[in-house]
Amino acid sequence: MLAPTSQPEFAIEARGLDKTYRAQGKGKPTHALKSIDLAVPRGSFFGLLGPNGAGKSTFINILGGLVVKSGGSASIWGHDIDADPMNARGAIGIVPQELNMDPFFTPGEALEIQAGYYGVPKRERRTEEILNAVGLWDKRDAYARTLSGGMKRRLLVAKAMVHGPPVLVLDEPTAGVDVDLRRQLWDYVRSLHASGVTIVLTTHYLEEAQALCDTIAIINHGKLIACEPTHKLISRLDQKTLVVTPQTPIALPFTGFEDVIFAMRTTGAFALTYRTGEHSVEEMLDRIRAAGVTIKDLSIEEPDLEDIFVELTA
Ligand code: ADP
């Protein structure tokens with residue numbers, strides 16, 4: 001690992017980052033990133049979360065120099081991507097989403113070529129160490145086309161680390177990776193993080209981000225709608241919705257539930273959304289019965305990523 005020469009406060013910093021893709025044919029241009037301000041603290045395990053099409057890859061690809069931004073600025077490890085592209089590029093390793101790689105190179109060769117591309121001198125190369133770390137040393141002489149999907153994914157992680165970047169970005173890394181290999185991948189990524197590498201993970205799985213990341217940013221339709229410590233974000237979600245179908249229609253207004261969110265459903269059911277830290281199902285049921293309602297049916301709805309979006313964009 002190359003020791004970072006200086007220690008910036010932020011591993012990645014974007015200010016007003018904007019991207020509009022030109023229209024294809026008769027289509028409309030796509031405003032993929034809308035003036036994003038985002039700072040990834042040095043040393044964090046950072047989750048960039050959002051549904052498909054939110055703009056995550058666009059953000060990552062601007063940092064990697066694959067997409068040209070339309071406005072704003074970005075720096076990696078303190079190096080501006082426009083003013084100092086060489087150092088910016090050298091400070092980041094990106095594991096792309098697609099598994100495209102040259103089928104005729106072996107993992108050993110692929111790493112040597114990649115190291116050469118980054119100008120890493122032969123004596124400083126760590127091909128064996130990196131291949132061992134991702135569990136591919138045994139496969140160092142196998143053709144890439146003979147590797148399984150999980151092995152290819154790990155080879156991509158290995159390639160992203162040849163120049164010892166202080167920042168590693170994984171773009172949707174677990175697509176098509178089975179459970180065992182996923183665990184192995186995360187073990188390696190966690191060990192990199194423990195050694196001081198800042199990790200940025202893009203995913204559309206809240207659970208994955210929740211399990212791994214200390215900080216989560218959420219983008220939706222090209223806009224940043226949240227960026228905060230994971231526990232804080234999740235604490236916004238300590239809610240449940242109790243949906244009750246009454247035996248006979250309830251009389252409105254339905255009073256006595258001003259401390260929770262009350263909503264009628266088109267089916268005649270009513271929904272009570274409450275904070276689990278403040279109320280329990282037991283208490284809600286007691287109160288519903290005390291209000292004279294005979295319960296015909298009930299269900300409980302848990303919050304999901306969509307609910308965070310609603311909550312955050314409300
Ligand atoms: P995500 O990675 O969150 O799924 P993307 O950054 O890939 O989102 O896409 C954001 C938006 O930009 C989407 O509407 C997508 O269709 C559009 N987009 C992405 N790449 C291109 C491109 N090369 N040309 C035109 N539109 C694109």
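Just follow the structure's listing: the first ligand is 1, and inside any ligand the first atom is 1. Keep in mind it's a predicted model, so treat the numbers as computed, not measured.
- L185 is listed as a side-chain neighbour of R154, based on a closest heavy-atom distance under 4.5 Å.
- Looking at D171 and T202, their side chains do bring a donor and an acceptor atom within 3.5 Å of each other.
- Listed by atom number, the atoms of ligand 1 under 4.0 Å from S57 heavy atoms are 1 (P), 2 (O), 6 (O), 7 (O).
- Taking 4.0 Å as the cut-off, G50 does not count as a neighbour of ligand 1 on heavy-atom distance.
- For the atom pair L33 CG and I62 CD1, the distance stands at 5.0 Å (nearest 0.5 Å).
- Inclusion of K56 in the set of residues having an N or O under 3.5 Å from an N or O of ligand 1 is warranted.
- Scanning all protein heavy atoms for the shortest distance to atom 8 (O) of ligand 1 gives G55 N, 3.1 Å.
- Both the backbone and the side chain of T58 come within contact range of ligand 1, each with a heavy atom under 4.0 Å.
- Every atom of ligand 1 with a heavy atom of P51 under 4.0 Å away is listed here by number and element: 3 (O).
- Within the 4.5 Å cutoff, the side chain of D18 has heavy atoms near those of the H31 side chain.
- Rounded to the nearest 0.5 angstrom, R265 CZ and T245 OG1 are separated by 9.5 Å.
- Distance check: D80 CG to R15 CZ gives 12.5 Å after rounding to the nearest 0.5 Å.
- In this structure, W186 CH2 and I199 CD1 are separated by 9.0 Å, a value rounded to the nearest 0.5 Å.
- Shown here, atom 27 (C) of ligand 1 is in close reach of the protein: a heavy atom of it lies under 4.0 Å off.
- For atom 16 (O) of ligand 1, the closest heavy atom belonging to the protein is T30 CG2, 4.9 Å.
- Between Y274 and H279, the ring planes lie perpendicular to each other; the angle is over 60°, past the 30° to 60° tilted range.
- Closest to atom 13 (C) of ligand 1, if we only count protein heavy atoms, is G53 O, 3.8 Å.
- With contacts defined as side-chain heavy-atom distances shorter than 4.5 Å, the pair T248/T294 does not qualify.
- Among protein heavy atoms, atom 23 (N) of ligand 1 sits closest to Y21 CE2, 3.6 Å.
- Residue A54 approaches ligand 1 through these ligand atoms, each under 4.0 Å from one of its heavy atoms: 1 (P), 3 (O), 8 (O).
- For ligand 1, the atoms lying closer than 4.0 Å to a non-hydrogen atom of N52 are 4 (O).
- Contact annotation: for Q24 versus ligand 1, heavy atoms closer than 4.0 Å belong to the side chain alone.
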